[in-house]
> 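The structure under discussion is supplied below as structure tokens; questions concerning it will follow.
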Number of protein chains: 2
Amino acid sequence: MRSDDVPPPSVPDLAQSGPRRSTTTWQVIRDDVLARIRSRAWPPGELIPHEAELAAEYGCARSTVNRALREVAATGLIDRRRKAGTRVALNPLRRATLHIPVIRQEVETRGARYDYALISREHVSAPLAIRSRMGLPPQTRLLHVRALHLADGIAHAYEDRWINPQAVPEIMEVDFARISANAWLVQNVPYTRGELTLSAAAADADCAACLLCAPGAAIFTMERITWIGDQPVTLVTQSHPPGYAISTAI
Amino acid sequence: MRSDDVPPPSVPDLAQSGPRRSTTTWQVIRDDVLARIRSRAWPPGELIPHEAELAAEYGCARSTVNRALREVAATGLIDRRRKAGTRVALNPLRRATLHIPVIRQEVETRGARYDYALISREHVSAPLAIRSRMGLPPQTRLLHVRALHLADGIAHAYEDRWINPQAVPEIMEVDFARISANAWLVQNVPYTRGELTLSAAAADADCAACLLCAPGAAIFTMERITWIGDQPVTLVTQSHPPGYAISTAI
DNA sequence: CAGTGGTCTAGACCACGGT
DNA sequence: CCGTGGTCTAGACCACTGT
């Protein structure tokens with residue numbers, strides 16, 4: 001920051017959880033804005049000063065204020081519109097970034113040995129539930145691959161995957177005993193779009209047997225669908241044993 | 001009309017000169033970078049051109065390239081380090097933004113009527129599990145509030161909440177039959193930090209009774225803890241009936 | 001129309017960290 | 001050391017949209 005002649009803004013200094021390490025101007029502005037919103041100095045629905053005004057207040061360029069406010073807007077706490085200005089969100093629909101674990105890494109960073117075990121591989125006509133989920137017509141044949149991810153030999157995740165050979169014909173030649181479907185797809189298929197769905201499900205017989213839990217036990221599932229253009233590539237459901245959780249800061 | 005029949009550049013023809021249609025320069029660069037990564041033109045681990053080089057290619061300012069690459073880096077697909085340059089991530093730890101629903105809105109946007117029903121309110125000594133989760137010493141007394149969120153009269157979420165009156169003394173006077181704990185806290189408590197944990201759990205007897213499902217049924221739970229500074233404010237667990245899921249684009 | 005945010009530039013200095 | 005990204009500036013024009 002350059003102009004030291006501007007007094008520090010009179011922001012109610014909320015109790016900080018940790019030491020403030022943000023030294024850059026835009027981070028200072030961002031944190032001040034967050035503090036003013038959370039302290040209700042700027043209550044929900046309120047119009048906050050526009051960029052030029054804040055730039056003057058902080059003695060910085062407007063683009064620096066823009067950067068700070070853009071970051072705040074990304075969390076959903078403020079609503080920005082041209083001409084209308086910037087308002088504190090009335091019902092802050094919070095956005096949080098979720099770090100989606102890559103199973104192998106997840107296992108190995110715990111210091112455990114990672115193993116992959118193929119359970120089954122079949123080329124079959126897709127069941128209705130899978131077809132409709134992937135948006136495929138009747139009679140479509142899909143590759144159905146089931147596998148287990150192991151941490152030090154014990155089950156870490158049960159994977160039930162459907163692959164559309166029309167999108168990736170080469171998949172039919174892959175030996176899933178040697179390379180996991182996920183690893184092969186990650187290395188060979190540049191998907192253009194994906195969707196992730198988190199839910200809870202009761203363990204079915206197969207899943208329970210693999211994860212060593214009771215049938216019907218509460219299982220955390222992550223379902224992913226990926227497309228190349230409009231063509232669905234794969235639908236994969238990864239089920240984690242009871243106790244699994246995923247966290248993020250908000 | 002100029003010759004727009006040029007196919008979408010697989011290796012993008014750079015040196016833009018004409019006006020942009022619907023996307024801005026930084027978005028074009030971002031999309032090109034994503035396309036080159038996904039098409040493996042830039043394979044995992046590869047060093048990509050540095051900012052100045054890309055700026056020259058696109059005929060734009062370096063800060064515009066910086067904006068584009070910063071957005072890509074936010075998704076975890078590239079790793080940027082000073083002096084070392086920018087590399088395509090070897091194991092892309094994917095980041096996805098999760099939109100955390102505000103229950104009332106979630107219900108009302110479905111066109112359903114929202115209702116809130118208080119089940120119980122007690123001022124009790126905190127159980128060990130709750131204390132340790134919130135990082136509170138033994139003997140701490142907490143306000144325990146259980147409630148139900150209803151959509152058109154049927155259960156949409158079961159809420160089990162613990163509130164620390166030391167952080168928010170006024171909470172003891174609030175009539176939870178009139179206003180939900182969440183609504184009151186959102187309006188009155190500027191938390192500085194929060195943590196969200198998603199998991200699956202088996203429905204306990206109370207939860208099952210409220211959500212009209214079998215005891216032990218797989219329940220999707222969202223647990224939130226918020227702090228003011230170092231002081232924990234509230235720990236809330238919201239449980240959703242079987243079938244509930246939360247989605248995001250990746 | 002006019003006010004506001006969104007983008008962009010052509011520079012500049014600085015912080016980090018590999019060599 | 002010195003190359004690279006991170007930040008910042010003082011402007012500028014444009015796009016959107018409320019009045």
Side-chain angles (χ1 to χ4, degrees), chain A residues 1-6 8-9 19-33 36-37 42 45-90, chain B residues 14-33 37 42 45-90:
Chain A
M1 182 136 53
R2 181 157 317 190
S3 44
D4 330 18
D5 49 307
V6 174
R20 167 174 291 182
R21 302 199 192 287
S22 46
T23 44
T24 68
T25 308
W26 74 264
Q27 286 167 341
V28 168
I29 300 174
R30 177 202 60 192
D31 293 345
D32 282 354
V33 168
R36 282 154 133 153
I37 292 173
W42 291 339
E46 179 113 334
L47 204 56
I48 80 173
H50 48 253
E51 294 186 347
E53 207 165 324
L54 287 170
E57 186 183 327
Y58 284 91
C60 69
R62 182 170 76 90
S63 54
T64 304
V65 173
N66 182 277
R67 169 76 187 273
L69 293 183
R70 197 188 331 122
E71 301 275 338
V72 177
T75 71
L77 272 179
I78 58 176
D79 198 17
R80 318 197 71 198
R81 273 188 324 205
R82 290 161 151 138
K83 168 68 180 179
T86 300
R87 287 182 183 282
V88 179
L90 268 173
Chain B
L14 312 173
Q16 299 269 3
S17 47
R20 210 76 63 182
R21 287 289 152 73
S22 52
T23 49
T24 62
T25 305
W26 73 263
Q27 286 166 341
V28 167
I29 299 174
R30 177 201 59 193
D31 293 345
D32 281 354
V33 168
I37 292 173
W42 291 341
E46 179 113 333
L47 204 57
I48 80 172
H50 50 252
E51 294 186 348
E53 204 166 326
L54 287 171
E57 280 186 27
Y58 285 90
C60 68
R62 182 170 75 91
S63 53
T64 305
V65 174
N66 181 276
R67 169 77 187 274
L69 293 183
R70 199 190 327 126
E71 301 274 338
V72 177
T75 73
L77 272 178
I78 58 176
D79 283 328
R80 320 197 70 201
R81 272 188 321 206
R82 291 162 149 135
K83 169 69 182 177
T86 301
R87 285 183 185 282
V88 179
L90 269 174

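Residue numbers start from 1 in every chain, and the chains themselves are labelled A, B, ... in the order their sequence lines are given, proteins ahead of strands. All values below were derived from every heavy atom in this structure, side-chain atoms included, with hydrogens, water molecules and symmetry-related copies excluded.
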> Map A:Arg70 and A:Ala84 onto DNA chain C by nearest heavy atom, then report which one ends up closer to the 5' terminus.
A:Ala84

> Between C:dG5, D:dT4, D:dA10, spot the one nearest the side chain of A:Arg80, thanks.
C:dG5

> Counting only N and O atoms by type, is there a donor-acceptor contact under 3.5 Å from the side chain of B:Gln27 to the main-chain atoms of B:Thr24?
yes

> For the base of C:dG3, is there a side-chain donor-acceptor partner from A:Arg81 under 3.5 Å away?
no

> Can you tell me if A:Ser63 touches the phosphate of D:dT9, counting only side-chain N or O atoms and a distance under 4.0 Å to OP1 or OP2?
no

> How many Å lie between CG on B:Leu54 and P on D:dG6, as a whole number?
13 Å

> If only side-chain N and O atoms of A:Thr86 are considered, is one of them under 4.0 Å from the OP1 or OP2 phosphate oxygen of C:dG5?
yes

> Would you mind telling me which of D:dG6, D:dT9, C:dA10 lies closest to the side-chain atoms of A:Ala61?
D:dT9

> Nearest whole Å is fine: how far is C:dC16 P from B:Asp79 CG?
18 Å

> Between C1' on D:dT7 and CD1 on A:Ile29, what's the gap in Å once rounded to a whole number?
12 Å

> In this structure, how many angstroms lie between the C1' atom of C:dT7 and the CZ atom of A:Arg67, rounded?
14 Å

> For atom CZ of A:Arg81, decide whether the heavy atoms of other residues, nucleotides or ligands shown that lie under 6.0 angstrom number more than 12.
no

> Atom CG of B:Leu47 and atom P of C:dT19: how far apart are they, to the nearest Å?
11 Å

> Counting side-chain heavy atoms from C-beta on, which of C:dC8, D:dG5, D:dC8 comes nearest to B:Thr64?
C:dC8

> I need the NE2-P distance between B:His50 and D:dG6, as an integer number of Å.
14 Å

> Identify whether the distance between the nearest side-chain nitrogen and carboxylate oxygen of B:Glu71 and B:Arg80 falls below 4.0 Å.
no

> Applying the side chain to side chain contact (heavy atoms under 4.5 Å, CB included) test to B:Leu69, which of B:Arg30, B:Glu51, B:His50 qualifies?
B:Glu51

> Counting N and O atoms only, with roles assigned by atom type, does the side chain of A:Arg87 sit under 3.5 Å from a partner on the main chain of A:Gly45, one being a donor and the other an acceptor?
yes

> B:Glu51 CD to D:dC8 C1': how many Å, rounded?
14 Å

> Which nucleotide in the list C:dC8, D:dC8, C:dG6 gets nearest to the side chain of B:Thr24?
C:dC8

> Rounded to whole Å, please give me the gap between OH in A:Tyr58 and P in D:dT7.
17 Å

> So, is B:Asn66 near the phosphate of D:dG5, with a side-chain N or O under 4.0 Å from OP1 or OP2?
no

> For the side chain of B:Lys83, counting heavy atoms from C-beta on, which of D:dA12, C:dG17, C:dT4 is nearest?
C:dG17

> Determine whether any donor atom in the side chain of A:Arg62 lies under 3.5 Å from an acceptor atom in the base of C:dG6, or the reverse, and answer yes or no.
yes

